[in-house]
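Each remark here refers to the structure printed beneath this line.
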Amino acid sequence: MDNSTPIEATPLRTIKPHPTIIPSPIFDSGIIEAERESGNQDLVDSVLMRFDAVRRRLLQINYAKDVVIPASTICKNQGIKTNTKKRIGEVPGVQVGDIFYNWSEMYLVGLHLQTMAGIDYLRVENGVVGSPVSTSVVTSGHYNDKTEDVNSLIYTGHGGKDKNGQPRDQKLERGNLALVESNKIGNEVRVIRGKEDPDDKNKKIYIYDGLYFVSELWKEKGNTGCEEFKFGLMRKQGQPEGFEIWKSAENLWKHGLSNSRKGFILEDLSYGKEAIPVTLVNEVDENDKSTPPGFEYVISENNSNPMLDCVCVQRNEGKLPYHNNILVCRKPMVYECDFSCKNRVLQSGLKIQMEVFKTSNCGWGLRSWKPIRAGTFICEFSGVNKKKEEVEEDDDYLFDSSRIYNRFKWNYEPELLGEDAWKPVSEVFNLQSQVLISAKDSGNVGRFLNHSCSPNVFWQPTKCGINSESHVRIGFFAMKHIPPLTELTYDYGVSSVEKIGEDERLFKGKKNCLCGSMKCRGSFG
DNA sequence: GCGCAATCATACTA
DNA sequence: CTAGTATGATTGCG
C-alpha cells in the first residue's frame, strides 16, 4: 500500500488568459464583402501587412506571451481577411513560393482555412452537398512524411489518436475521406510545406508550393503499429519554382557554398569589412567573372559618443522602436543608442547572409540566402554624404530623400487595439534637410538594391547617438516576408510629377523602369 | 454542445 | 549548449 502523503501537483507554468481587447466600434476595414470572398494581390498584401503590424505592436507593448492568436482574432473579427470562400486550385493574390510565418497568415488570405488540421476540404460546392474534396494540405513533419522531394511528397492522413491520446487506427473520415475523393476525381490540391525556420529552430516557416494531384493512396502500419493512410501527391507541371528555390537556398545556408557553385565569382565582396561575407555570383553568364566596376566597399562608421543614461525610450515616444531587432512601426525618425543599450540595429551592421548577383536585365542585384521576416533590418545605405551642388549629373547610385515616393501604409491601425485613433504613429518622413548620399565611388551592399514599383523593401531615416546634430542615416527594412534568393528592391522615387488630369499624375523619372510589375510607373530616379 | 486537430510560444528536462 | 517535450488557451468544424 502506498500511504505516503499525496503531494499537490504544482503547475509548471501558468498562463493568464488574454486580456480583452476592444477595437473601436466604428472601425471599418475598407474591405467590401465581394473582396472578402474573392481577393487579389493588393488585398492579400494588405491583409498580411495589417495582421503582422498588429502582431508586432502586441509584442512591443508586452501584451501577452502568445500574440499570434490574439492578432489573428482581431483581424478575423474586424473583417481584415480575404478569399474566405473555400476553393479548389489557386488563390487570387497568393503566389507559388510565398512564405508564411504561422497558420493564421494562411488562414487570413484563404490559402488554408483550418486553424489546426493539416487537411482542408470543402463539402458544399454551388449549393450542392457532396463528398468532401480536399483543397489544401500542410506538411509539418510530425508524421514521418517523405517531404524532401521537390516534385512529389507522401502525406499521412490525420487522426489516429483516441481521446486519451493513445494510438489507434486512422479512420476514413474528414480530411482522409476528402483526399480519397480527390484521388478519385483528380482535382488540384494546394500544398504548403512546413519547414524549420533557419533562424529559430523552435519555429516553422510555411512555403506555398503550388498545385498537386493525389496520384495514389494506400494503407500501412505506422510506428505505433496502427493503420495509417498514405497519400502520394505529384506536383502539377509548368508551375514556377516554390519549394525548389527553398531547397537550393537551404543548401547554401547549411553547407556554405563554395567555389563549386554555378557562376561563383567572389567569396566576399566586402573583403572582410562586413561581419559576414557578401557573395558575388553571375549565373546569367557563368564565364563572365568580372566584378562590379569602379567602387570601393565601405561600411558606415559609428560615431562614438559614450552615453551616461539611456534615453532611447523617451526619444522614441515611450516604446523601443525595435522588438527582437524587427522594426515595429515606420516613423518620421528612429533614434538609436550609441553604446550602452540593445537599441542598436542599424549600427550593428549586416546580419543577413547576402549575395550580389547578376540579374537578367537590370545589372547587379541583391538577394538573401535566408528567408526574411517583415520588419527585419536589411542593410544601411552607406556612401558619401553630399550637398545638392556636389551631386554629379550621372550619379546612378544616389539616395535622395527629396524625390517623390509612393505612399503606403505599413503601421498597425490603433483602432484595432482600442488605442486612440487620432494619434497614430506618423509614417510620413519629416526631414529637416534633404538627405543626399552617393554610393557611386564607395558604398556597401545597399548600392546594389535595384528599383521596383512594387518593392519588398522600404527605407527608414535613423539617428544614432545622443548628439541631435548627428546626421541622418538610412536603414532598409523588409516590407513583407521575403522568400530566400528573391531579389530585394525598393522604390527609388521620381524627381518630378506632372498633373495631367483631375486625379491623374504623370511620374517623370530620369530612367525607364524595367521592374515589370503590374503597378509600374514607367520611370524612376 | 462536445470533441478533435500536423498551433503557438515558452519553460523545463535530459 | 540544444533537442525534445509538456503546457494551456484557442477556434473551425462535424
Side-chain angles (χ1 to χ4, degrees), chain A residues 9-21 51-52 54-56 58-59 62-77 81 84-86 100-108 110-124 129-147 153-168 170-179 189-207 222-224 228-231 233 323-324 326 373:
Chain A
T10 47
L12 293 171
R13 190 171 67 107
T14 50
I15 295 184
K16 281 185 283 186
H18 301 135
T20 316
I21 296 174
F51 161 76
D52 202 53
V54 170
R55 191 193 65 87
R56 292 191 306 269
L58 290 177
L59 282 174
N62 200 17
Y63 163 78
K65 296 199 164 171
D66 172 9
V67 295
V68 172
I69 294 169
S72 70
T73 305
I74 291 169
C75 289
K76 280 177 206 171
N77 293 345
K81 53 187 172 182
T84 54
K85 198 182 120 187
K86 281 202 184 185
F100 301 86
Y101 277 75
N102 49 60
W103 286 45
S104 298
E105 292 179 339
M106 298 190 282
Y107 180 94
L108 292 172
L111 185 62
H112 186 74
L113 293 165
Q114 287 284 341
T115 46
M116 294 167 94
I119 308 169
D120 193 19
Y121 54 95
L122 53 80
R123 191 179 275 280
V124 179
V129 180
S131 305
V133 180
S134 60
T135 53
S136 55
V137 295
V138 182
T139 69
S140 259
H142 285 108
Y143 278 82
N144 292 323
D145 294 343
K146 301 267 179 298
T147 56
L153 73 111
I154 294 167
Y155 194 88
T156 307
H158 63 189
K161 275 183 182 172
D162 66 16
K163 60 183 168 187
N164 300 316
Q166 296 306 307
R168 65 164 183 223
Q170 288 186 344
K171 292 181 186 166
L172 190 54
E173 58 184 20
R174 301 174 185 228
N176 299 347
L177 191 59
L179 281 168
V189 178
R190 297 185 295 274
V191 167
I192 298 113
R193 310 255 198 169
K195 298 292 288 180
E196 181 184 283
D197 181 343
D199 294 316
D200 189 342
K201 287 188 160 61
N202 296 315
K203 291 197 174 68
K204 286 212 178 77
I205 292 177
Y206 300 90
I207 306 119
N223 293 342
T224 59
E228 289 178 345
F229 290 99
K230 295 284 175 181
F231 301 94
L233 282 89
H323 190 277
N324 292 340
I326 284 180
R373 192 169 196 157

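Chain letters run A, B, ... following the sequence lines, proteins first, then strands; residues in each count from 1.
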- request: Could you tell me whether the phosphate oxygens of B/dA5, OP1 or OP2, come under 4.0 Å of any side-chain nitrogen or oxygen in A/H158?
  value: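 For B/dA5, neither OP1 nor OP2 has a side-chain N or O of A/H158 closer than 4.0 Å.
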
message: At less than 4.0 Å, is any side-chain N or O atom of A/K86 found next to OP1 or OP2 of C/dC13? Yes or no.
response: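 True: A/K86 side-chain N/O within range (under 4.0 Å) of C/dC13 OP1/OP2.
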
message: On DNA chain C, does the nearest nucleotide to A/M116 precede the nearest nucleotide to A/R174 from the 5' side, or the other way round? Give the residue.
response: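 Its nucleotide being nearer the 5' end, the pick is A/M116.
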
message: Return whichever of A/K201 or A/L113 has its heavy-atom-nearest nucleotide of DNA chain C closer to the 5' end.
response: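 This one resolves to A/K201.
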
task: Check whether NZ of the Lys or CZ of the Arg A/K171 lies under 6.0 Å from the centre of the six-membered ring of A/F229 and within 45 degrees of that ring's axis.
output: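 Verdict for A/F229: no cation-pi partner in A/K171.
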
Rounded distance (Å) that lies between atom [atom2] of [N] and atom [atom1] of [X]:
{"X": "A/L177", "N": "C/dC13", "atom1": "CG", "atom2": "P", "answer": "17 Å"}
{"X": "A/E196", "N": "C/dG4", "atom1": "CD", "atom2": "P", "answer": "9 Å"}
{"X": "A/K65", "N": "B/dC12", "atom1": "NZ", "atom2": "C1'", "answer": "12 Å"}
{"X": "A/N176", "N": "C/dC13", "atom1": "CG", "atom2": "P", "answer": "17 Å"}
{"X": "A/I69", "N": "C/dG8", "atom1": "CD1", "atom2": "P", "answer": "15 Å"}
{"X": "A/Q114", "N": "B/dG3", "atom1": "CD", "atom2": "P", "answer": "19 Å"}
{"X": "A/R55", "N": "B/dA9", "atom1": "CZ", "atom2": "P", "answer": "7 Å"}
{"X": "A/I119", "N": "B/dT7", "atom1": "CD1", "atom2": "P", "answer": "12 Å"}

message: Please classify the nucleic acid contact of A/Y206 as base, sugar-phosphate, or nothing, using heavy-atom distances under 4.0 Å.
response: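 Sugar-phosphate: the residue A/Y206, judged by heavy atoms under 4.0 Å, touches backbone atoms but no base.
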
message: Heavy atoms only, 4.0 Å cut-off, all strands: where does A/T73 land among base, sugar-phosphate and nothing?
response: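 Sugar-phosphate contact only.
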
- prompt: Does any nucleotide pair with C/dT10 by Watson-Crick or G-U wobble geometry, both distances under 3.5 Å, and what is it?
  reply: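 For C/dT10, the partner nucleotide comes out as none, under the 3.5 Å rule.
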
field: Strand partner of B/dA6, provided both Watson-Crick or wobble distances fall under 3.5 Å
entry: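 Partner of B/dA6: none found under 3.5 Å.
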
message: Can you tell me how far apart OG1 (A/T84) and NZ (A/K86) are? Round to the nearest 0.5 Å.
response: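 Rounded to the nearest 0.5 Å, the OG1-NZ separation comes to 11.5 Å.
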
A/Q170 vs A/T156, side chain to side chain contact (heavy atoms under 4.5 Å, CB included): CA-CA, chis, key distance, verdict: CA-CA 10 Å; A/Q170 288 186 344; A/T156 307; 4.0 Å; yes

query: Closest nucleotide of DNA chain B for A/G118 versus for A/V68: which of these residues is on the 5' side?
result: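 It is A/G118 whose nearest nucleotide is closer to the 5' end.
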
message: On DNA chain B, compare the nucleotides closest to A/N102 and A/A117; which residue's is nearer the 5' end?
response: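 Here A/A117 is the residue nearer the 5' end.
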
- prompt: Do we count A/W103 as stacking onto B/dA6 if the rule is ring centres under 5.5 Å and planes under 30°?
  reply: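 Answer is no, no stack.
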
- request: Go through B/dT10, B/dA6, B/dC8 for me and flag the one nearest to the A/N202 side chain.
  value: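 Looking only at side-chain atoms, A/N202 lies closest to B/dT10.
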
message: If you apply the rule side chain to side chain contact (heavy atoms under 4.5 Å, CB included), what do you find for A/F51 with A/N102, and how did you get there?
response: CA-CA 11 Å; A/F51 161 76; A/N102 49 60; 3.9 Å; yes

- prompt: Among A/W103, A/Y107, A/F100, whose ring-ring contact (aromatic ring centres under 6.0 Å, His included) with A/H112 holds?
  reply: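 For A/H112, the ring-ring contact (aromatic ring centres under 6.0 Å, His included) check succeeds only for A/W103.
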
